[in-house]
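Data block below; observations after.
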Protein chains: 2
Amino acid sequence: MISFTEENYLKIIYKLSAETDHEISTNSVAELTQTKAASVTDMLRKLSEKQLVSYQKYQGVRLTEKGENLALIVIRKHRLWEVFLVNKLGFNWDEVHEIAEELEHINSEELVQRLDEFLGFPQCDPHGDPIPDRNGRMPELGYKNLSEIGETQVVIMMGVSQHSTNFLQYLAKIGLNLGVIIEVIEINDFDKSLTIKIGGDNQYFISYEVAKNILVKTF
Amino acid sequence: MISFTEENYLKIIYKLSAETDHEISTNSVAELTQTKAASVTDMLRKLSEKQLVSYQKYQGVRLTEKGENLALIVIRKHRLWEVFLVNKLGFNWDEVHEIAEELEHINSEELVQRLDEFLGFPQCDPHGDPIPDRNGRMPELGYKNLSEIGETQVVIMMGVSQHSTNFLQYLAKIGLNLGVIIEVIEINDFDKSLTIKIGGDNQYFISYEVAKNILVKTF
DNA sequence: ATATTTTTTTAGATTAGTCTAAAATTTATT
DNA sequence: AATAAATTTTAGACTAATCTAAAAAAATAT
Ligand SMILES: [Mn+2]
Ligand SMILES: [Mn+2]
Ligand SMILES: [Mn+2]
Ligand SMILES: [Mn+2]
């Protein structure tokens with residue numbers, strides 16, 4: 001069997017792997033698990049024995065197919081529960097991440113299937129992240145980061161790629177909600193910050209850092 | 001903070017306390033937690049330090065008010081999740097106990113409140129067990145055990161006080177479902193076993209052991 | 001090419017929860 | 001009341017997950 005803790009490591013290695021095709025470093029895992037590098041080394045050896053990651057000391061780590069499948073199952077559960085919390089229980093999208101961090105470890109395939117059905121087989125979670133199907137296949141939603149959009153283009157906001165309460169509440173404050181129409185007015189060459197128009201109305205100035213974490217759909 | 005494991009001990013001590021007004025023995029706790037007496041002793045000392053139980057060595061254990069409140073919160077969560085699984089996800093009542101054993105440890109008051117509301121503030125779970133309110137007060141449902149009912153009396157089945165899959169599937173087989181009408185035809189003096197008529201139709205012979213675990217409402 | 005810095009691993013300890021085997025205490029039986 | 005039996009606790013050990021401090025390896029800078 002796989003423990004709660006092991007599942008968290010797999011999920012975090014998966015997330016880091018999405019951003020690079022190199023092996024993942026011990027330190028970067030330590031940062032996300034909020035543990036020390038020494039603890040990560042121990043866990044990597046254990047996961048490696050279970051054939052969930054391939055790991056050579058000093059060379060970083062990579063998920064095996066088996067490890068990736070398990071990671072995707074956990075992510076599927078996390079995102080389905082987030083949909084449940086928002087669509088059925090009426091939570092705000094900035095309130096659900098922590099609860100889903102617990103719910104994602106509940107162990108029952110039957111439960112996940114029935115939950116999926118109960119929610120109407122959603123394609124993405126309240127933050128716009130795609131939900132893997134029962135076989136771990138991620139639907140391709142084709143969203144882009146707002147930071148990749150050129151001047152004068154008009155897009156619809158579909159999600160975020162950062163879930164911290166801070167960030168989500170900042171977005172709410174300036175009116176960046178799911179489904180709003182965003183026009184890129186101007187991009188500052190120097191720091192890539194941008195001026196945008198939200199809903200054809202208010203004009204706002206946002207940093208590159210913020211834009212990078214906003215998912216949009218082009219027309 | 002209180003751990004998953006500690007919560008399970010509290011719940012089990014609560015359950016045992018309902019059947020007696022003596023202190024609870026180390027061995028009886030060990031049996032329900034599926035651990036050894038030595039492990040229970042360790043845990044009782046720990047719970048005692050946290051003021052969740054009162055415990056003197058060799059004298060058995062009893063919940064403090066604080067411990068009882070925590071136990072009731074866990075039981076509330078367990079039963080609400082069981083209602084969710086049956087009423088919303090369409091599980092059978094004999095399939096939900098194990099899953100609820102995991103869900104009951106999810107930590108969020110807000111979640112429990114919203115779930116309660118979403119379910120329409122149910123008074124009892126799919127097995128007929130009362131659901132404590134947010135303050136830990138158990139609704140008084142006034143159900144009796146079928147074993148206490150006299151000959152010729154007619155009652156409605158409202159629940160069970162034993163949740164094992166075995167038992168529930170046996171009930172399903174002979175047609176003892178929630179809401180059925182049961183007439184006590186004859187009680188055997190010797191072993192207290194009884195002959196009953198289910199739904200005005202089929203006549204069945206059931207043991208005292210079974211009757212003791214069936215909750216009924218009189219007219 | 002060395003030296004310095006950073007990253008990673010090892011060594012040794014700690015805490016929670018569990019176990020077995022032995023000792024202590026309580027309960028039951030003669 | 002003394003002995004036997006059952007229950008409970010202690011002692012000592014184990015595993016999972018973590019930590020700090022020191023050692024080893026890799027990356028970077030001179
Ligand atoms: Mn989340
Ligand atoms: Mn999400
Ligand atoms: Mn149950
Ligand atoms: Mn129940």
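It should be emphasised that the depicted structure is a prediction, and the values quoted were computed from it without experimental measurement. Throughout, protein chains are lettered first and strands after them, A, B, ... in sequence-line order, and every chain is numbered starting at 1.
Taking only side-chain nitrogens and oxygens, B/K36 never comes nearer than 4.0 Å to OP1 or OP2 of C/dT18. Contact annotation: A/Y9 side-chain N/O to D/dA16 OP1/OP2 distance is not under 4.0 Å.
Salt bridge status for B/E109 with B/R114: absent, with no side-chain N to carboxylate O gap under 4.0 Å.
For the pair A/N8 CG and D/dA16 P, the interatomic distance rounds to 17 Å; values are reported in whole Å. The interatomic distance linking B/F4 (CZ) with C/dT18 (C1') rounds to 15 Å, in whole Å. Rounding to whole angstrom units, CE of residue A/M1 and C1' of D/dA16 are separated by 16 Å.
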For this session: Quick one, give me the B/S/- string for nucleotides 8-14 of chain D, reading 5' to 3', where B means a protein heavy atom under 4.0 Å from the base and S means that only happens at the primed atoms, P, OP1 or OP2.
Result: BBB----
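For B/D42, the side chain to side chain contact (heavy atoms under 4.5 Å, CB included) test picks out B/R45, with sequence neighbours left out. Shown here are the side chain to side chain contact (heavy atoms under 4.5 Å, CB included) partners of B/N135, two or more places apart in sequence or in another chain: B/D133. A/K88 pairs by the side chain to side chain contact (heavy atoms under 4.5 Å, CB included) definition with A/F84, A/F118, A/L119, B/F118, not counting sequence neighbours. The side chain to side chain contact (heavy atoms under 4.5 Å, CB included) check on A/Y204 picks up A/I174, A/I196, A/I198, A/N202, with sequence neighbours excluded. Shown here are the side-chain hydrogen bond (donor to acceptor under 3.5 Å, both in side chains) partners of B/R79, two or more places apart in sequence or in another chain: there are none. Partners of B/E7 by side-chain hydrogen bond (donor to acceptor under 3.5 Å, both in side chains), not counting sequence neighbours, listed by chain and number: B/H105. Not a single side-chain hydrogen bond (donor to acceptor under 3.5 Å, both in side chains) links A/R137 to another residue, sequence neighbours left out.
Atoms CG and CD1, on A/L176 and A/I214 in that order, are 5.0 Å from each other to the nearest 0.5 Å.
Heavy-atom distances under 4.0 Å link DNA chain D to no residue of residues 13-23 of chain A.
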Strictly under 3.5 Å: I want the nitrogen or oxygen pairs between protein and nucleotides 4-6 of chain D, one per line.
none

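Pairs of residues two or more places apart, or lying in two chains, that qualify as salt bridge (charged side-chain N to carboxylate O under 4.0 Å, His left out) and include a residue from residues 51-78 of chain A are A/E23-A/R62, A/R76-A/D116.
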Output side-chain donor-acceptor pairs under 3.5 Å for residues 142-150 of chain A, partner residues at least two apart or in another chain, one line each.
| from | atom 1 | to | atom 2 | distance (Å) |
| --- | --- | --- | --- | --- |
| A/N145 | ND2 | A/E148 | OE2 | 3.3 |
| A/E148 | OE2 | A/N145 | N | 3.1 |

